[in-house]
There are 2 protein chains.
Amino acid sequence: MNGSPDKMAQDQLQQFRASIDNLDAAFIHILAERFRITKAVGEYKALHKLPPADPQREHEQLERLRALAVQSDLDPDFAEQLLNFIIREVIRHHEKART
Amino acid sequence: MNGSPDKMAQDQLQQFRASIDNLDAAFIHILAERFRITKAVGEYKALHKLPPADPQREHEQLERLRALAVQSDLDPDFAEQLLNFIIREVIRHHEKART
């Protein structure tokens, strides 16, 4: 039934979902580009004999991200966990590239 | 020393890091917007007495994301893990909102 409360609720839900799908696509592409760069960084560090890890850089990165999360009303602990999740995957890639 | 191989390597590394920082900022803002929408979805579903979970929708979402990951040369398993990580946080928010 067009115009029924149920139909309107489903339409609105559909709008929300279309936004979530767009954001998820952007998210995936940003991640893919981030991995392209961290891969290049790994190769570059190996070539120039730079140390693979840089704790000072990682600390600054984390603090910056937590501040950005707070500004955009996102839980900074969640942002930190997510970054750590991504960094673990970056390290796994680097280790795989070395073997 | 300007122009030394070490200096050039550090400059190039700085360029990579500036790109990673930009992508991370985009990433955080996309996530923040995604949570704004999932929060609205949770409230909307509660108001309209729609079921909180929709396994069919979740399945389609996951398949679409995996396909996007493959297209952009990102590990689809990693993309799936990351989406699940985010969805768990969404559920945690919904549960917190109900108590």
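Numbered from 1 within each chain, the chains take letters A, B, ... in sequence-line order.
For L31(A), the parts lying near chain B are the backbone and the side chain together; criterion is any non-hydrogen pair under 4.5 Å. Looking at F35(A), the atoms closer than 4.5 Å to chain B (heavy atoms on both sides) all sit in the side chain, from C-beta outward.
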Less than 3.5 Å apart and able to act as donor and acceptor by atom type: which atom pairs between chain B and chain A qualify?
from: R17(B); atom 1: NH1; to: D54(A); atom 2: OD2; distance (Å): 3.4
from: R17(B); atom 1: NH2; to: D54(A); atom 2: OD2; distance (Å): 3.2
from: D21(B); atom 1: O; to: R64(A); atom 2: NH1; distance (Å): 3.3
from: D21(B); atom 1: O; to: R64(A); atom 2: NH2; distance (Å): 3.2
from: D21(B); atom 1: OD1; to: R57(A); atom 2: NH1; distance (Å): 3.2
from: D21(B); atom 1: OD1; to: R57(A); atom 2: NH2; distance (Å): 3.2
from: D21(B); atom 1: OD2; to: R57(A); atom 2: NH1; distance (Å): 3.3
from: D24(B); atom 1: OD1; to: R34(A); atom 2: NE; distance (Å): 2.6
from: D24(B); atom 1: OD2; to: R34(A); atom 2: NH2; distance (Å): 3.0
from: R34(B); atom 1: NE; to: D24(A); atom 2: OD1; distance (Å): 2.6
from: R34(B); atom 1: NH2; to: D24(A); atom 2: OD2; distance (Å): 3.0
from: D54(B); atom 1: OD2; to: R17(A); atom 2: NH1; distance (Å): 3.4
from: D54(B); atom 1: OD2; to: R17(A); atom 2: NH2; distance (Å): 3.2
from: R57(B); atom 1: NH1; to: D21(A); atom 2: OD1; distance (Å): 3.2
from: R57(B); atom 1: NH1; to: D21(A); atom 2: OD2; distance (Å): 3.3
from: R57(B); atom 1: NH2; to: D21(A); atom 2: OD1; distance (Å): 3.2
from: R64(B); atom 1: NH1; to: D21(A); atom 2: O; distance (Å): 3.3
from: R64(B); atom 1: NH2; to: D21(A); atom 2: O; distance (Å): 3.3

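Note on V70(B): it does not cluster hydrophobically with F78(B), by side-chain heavy-atom contacts below 4.5 Å among ILVMFWY residues. Hydrophobic clustering (side-chain heavy atoms under 4.5 Å, transitive across Ile, Leu, Val, Met, Phe, Trp, Tyr) keeps M8(A) apart from F16(A).
Under the 4.5 Å side-chain criterion, counting only non-hydrogen atoms from C-beta, L82(A) is in contact with L82(B).
Residue with the most contacts toward chain B among L47(A), L83(A), I20(A): I20(A) (heavy-atom pairs, distance under 4.5 Å). In terms of heavy-atom pairs under 4.5 Å with chain A, the best-connected choice from L68(B), L23(B), L13(B) is L23(B).
The shortest non-hydrogen separation linking L74(B) to A32(A) is CD1-CA, 4.0 Å.
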